[in-house]
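Small disclaimer: the values here were computed from a predicted structure and weren't measured.
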Amino acid sequence: MKQFISVNDVTDINALVQQALVYKSNPLADRTLGADKRIGLLFLNPSLRTRLSTQVAAANLGMEAIVFNVDKEGWALEFEEGAIMSGNTVEHIKDAAPILGSYFNMLCIRTFPSLKNREDDYSELYISQFIKYCGVPVISLESATLHPLQSLTDIVTIQECLMAAPLLTKAKPKIVLTWAPHVKPLPQCVANSFAQWVNAWGGADFVITHPEDYELSTNFTNGATITHNQDEALQNADFVYVKNWSTYTDYGKIYENDPRWMLTEQKIGLTNNAKVMHCLPVRRNIELSDEVLDSPNSIVTQQAANRVWAAQAVIAAILRNNK
Ligand SMILES: NCCC[C@H](NC(=O)CCC(=O)O)C(=O)O
Ligand SMILES: NC(=O)OP(=O)(O)O
């Protein structure tokens with residue numbers, strides 16, 4: 001693997017999932033693969049899981065990881081080509097990225113969308129400029145439109161559950177991605193990316209449900225069944241992935257926040273005793289009720305723990321490609 005920006009960088013999803021599960025059963029299987037190599041983790045936005053799981057994954061491969069909170073500790077970066085830098089940005093990515101590339105063998109970056117201008121966000125200017133100028137392999141830690149390390153983890157977790165409890169009456173699990181209420185406009189990244197990965201994986205009967213006006217880009221959802229009727233979507237579901245996102249068409253807005261879209265124990269009753277997933281952080285009793293999050297149906301902790309093995313599989317694949 002040359003880089004990890006989206007599912008399109010992966011030639012064999014199942015092989016990558018299996019590698020993650022191998023690392024879960026034997027974390028130090030490749031403890032020297034990354035010896036004497038350094039990975040830089042750059043954050044322009046907050047993180048708990050992505051930051052720490054990637055550091056642990058790198059350590060398991062014998063790599064040194066250095067974290068830099070660019071938003072708080074670095075110079076304000078300019079990403080536009082030809083910018084006249086008379087404003088608040090101090091250093092152009094064209095100058096900063098090659099320097100970072102000289103310090104590290106691999107770079108990871110988190111750059112959330114502004115949610116102000118759809119064309120800008122969906123052009124993925126920040127991560128693209130970074131890739132263009134840094135000269136080393138890049139891993140996305142969540143960009144403006146996608147969160148591939150999360151989605152790989154999600155498939156790993158679903159696969160793990162299916163191996164532990166094989167389906168008895170159907171060939172493919174029914175996976176439902178449901179919109180949930182939130183208090184502020186959030187990126188579409190996690191939902192876009194989950195849809196892109198589940199569609200590319202092809203191992204599910206995949207349904208997306210959301211209120212009217214919350215359509216996602218068809219670039220990611222094509223292949224899924226889409227409905228505005230949440231109850232109907234939840235029927236017989238084996239996995240329910242809960243996530244809020246802001247509007248895509250009239251970009252970055254909250255149109256409605258009907259609390260009836262929150263997943264409750266009663267709604268779990270419509271499913272095939274579904275496992276409930278969420279990328280975290282989660283707003284309790286807004287997105288998901290306490291009763292669901294604290295029930296045996298919730299696998300959010302297992303899911304977040306699996307972030308280590310997904311990151312480790314990705315870093316290892318890039319290390320092997322660059323040997
Ligand atoms: N990295 C996983 C989710 C990150 C981000 N969530 C958030 O910003 C939550 C913020 C809040 O709840 O205030 C998102 O939805 O893309
Ligand atoms: N799920 C996820 O990416 O979590 P963090 O934002 O805490 O990294």
Side-chain angles (χ1 to χ4, degrees), residues 3-5 34 36-117 120-121 123-150 153 184-187 189-190 193 252 279-283 304 307-308 310-312 314-315 318-319:
Q3 59 173 20
F4 189 71
I5 306 305
D36 305 321
K37 299 246 164 74
R38 274 197 197 94
I39 184 166
L41 275 62
L42 312 177
F43 287 89
L44 283 89
N45 317 92
S47 169
L48 184 149
R49 282 143 290 269
T50 305
R51 169 178 171 158
L52 295 169
S53 64
T54 309
Q55 280 185 280
V56 172
N60 286 344
L61 295 166
M63 266 185 128
E64 184 185 8
I66 295 179
V67 175
F68 183 29
N69 294 315
V70 182
D71 58 331
K72 296 187 188 72
E73 297 152 23
W75 299 114
L77 294 173
E78 175 63 56
F79 290 86
E80 290 287 347
E81 291 292 340
I84 298 169
M85 290 172 55
S86 57
N88 293 329
T89 55
V90 177
E91 179 162 27
H92 203 282
I93 194 69
K94 211 186 256 196
D95 301 312
I99 296 164
L100 292 163
S102 78
Y103 298 159
F104 295 99
N105 304 94
M106 204 180 288
L107 283 163
C108 312
I109 187 161
R110 168 166 282 196
T111 62
F112 284 178
S114 68
L115 295 179
K116 292 194 175 82
N117 181 307
D120 284 356
D121 287 345
S123 76
E124 289 283 10
L125 175 73
Y126 284 27
I127 200 161
S128 307
Q129 289 286 75
F130 195 69
I131 292 166
K132 183 171 169 191
Y133 292 116
C134 78
V136 295
V138 172
I139 296 176
S140 165
L141 302 175
E142 188 169 344
S143 65
T145 67
L146 294 170
H147 193 0
L149 280 176
Q150 182 65 53
T153 305
K184 68 183 204 200
L186 292 190
C189 305
V190 171
S193 194
C279 64
L280 305 181
V282 64
R283 300 283 189 133
R307 291 292 305 269
V308 171
Q312 196 168 332
V314 167
I315 298 169
I318 294 176
L319 283 170

Taking only distance into account, with no hydrogens and no angle test, what donor-acceptor pairs under 3.5 Å do side-chain atoms of residues 60-70 form with protein atoms, sequence neighbours excluded?
{"unit_1": "Asn60", "atom_1": "ND2", "unit_2": "Gln312", "atom_2": "OE1", "d": "3.0"}
{"unit_1": "Glu64", "atom_1": "OE1", "unit_2": "Arg38", "atom_2": "NE", "d": "2.6"}

Any Leu149 side-chain heavy atom under 4.5 Å of Leu141 side chain: yes

Going by atom types alone, do Thr145 and Asp121 pair a side-chain donor with an acceptor below 3.5 Å? no

If I take atom CZ from residue Phe130 and atom CG from residue Leu44, how far apart are they, to the nearest 0.5 angstrom? 9.0 Å

Please report the interatomic distance CD1(Ile93) to CG(Leu125), rounded to the nearest 0.5 Å. 9.5 Å

Name all residues meeting the salt bridge (Lys or Arg N to Asp or Glu O under 4.0 Å) criterion together with Arg110; count only those two or more places apart in sequence or in a different chain, and write none if there are none. Glu142

Pairwise salt bridge (charged side-chain N to carboxylate O under 4.0 Å, His left out) hits with a residue in residues 73-85, at least two apart: Glu81-Lys94, Glu81-Lys132

I need the full list of salt bridge (charged side-chain N to carboxylate O under 4.0 Å, His left out) pairs touching residues 39-50, with sequence neighbours left out, sorted by first then second residue. none

Pairs satisfying ring-ring contact (aromatic ring centres under 6.0 Å, His included), at least one member in residues 77-98, at least two apart: Phe79-Tyr126

CZ/Arg51 to CG/Asn45 distance, rounded to the nearest 0.5 angstrom? 13.0 Å

Under the rule for side-chain contact (heavy atoms from CB on, under 4.5 Å), what residues qualify as partners of Lys184, not counting sequence neighbours? His182, Leu186, Arg283

Would a 4.5 Å heavy-atom cut-off, applied to side chains only, mark Arg307 and Val56 as touching? no

Only residue of Leu107, Val136, Ile109, Ile5 satisfying side chain to side chain contact (heavy atoms under 4.5 Å, CB included) with Ile131 is Ile5

Rounded distance [0.5 Å steps], CG in Leu42 versus CG in Leu100: 5.5 Å

Side chain to side chain donor-acceptor pair (under 3.5 Å) filter on Thr54, not counting sequence neighbours, yields none

With sequence neighbours excluded, what pairs up with Ser128 under the side-chain contact (heavy atoms from CB on, under 4.5 Å) test? Glu124

For Pro185, which residues count as a side-chain contact (heavy atoms from CB on, under 4.5 Å) partner, sequence neighbours excluded? Leu115, Ser246, Ile254

Surrounding NZ of Lys72 (heavy atoms of other residues, nucleotides or ligands, distance under 6.0 Å), is the total greater than 12? yes

Any chance you could lay out the side chain to side chain contact (heavy atoms under 4.5 Å, CB included) test for Ile127 and Ser140, step after step, and finish with the verdict? CA-CA 8 Å; Ile127 200 161; Ser140 165; 3.7 Å; yes

Separation of Cys108 SG from Gln55 CD (nearest 0.5 Å): 10.5 Å

Distance (rounded to the nearest 0.5 Å) between His147 NE2 and Cys189 SG: 8.0 Å

Which heavy atom of Pro148 sits nearest to which heavy atom of Leu146, and what is that distance? CD-C, 3.6 Å

Just by modelled atom types, is the Lys37 backbone N or O under 3.5 Å from a matching donor or acceptor in the Asn105 side chain? no

Quick one: side-chain contact (heavy atoms from CB on, under 4.5 Å) partners of Asn117, sequence neighbours excluded? Glu119, Asp120

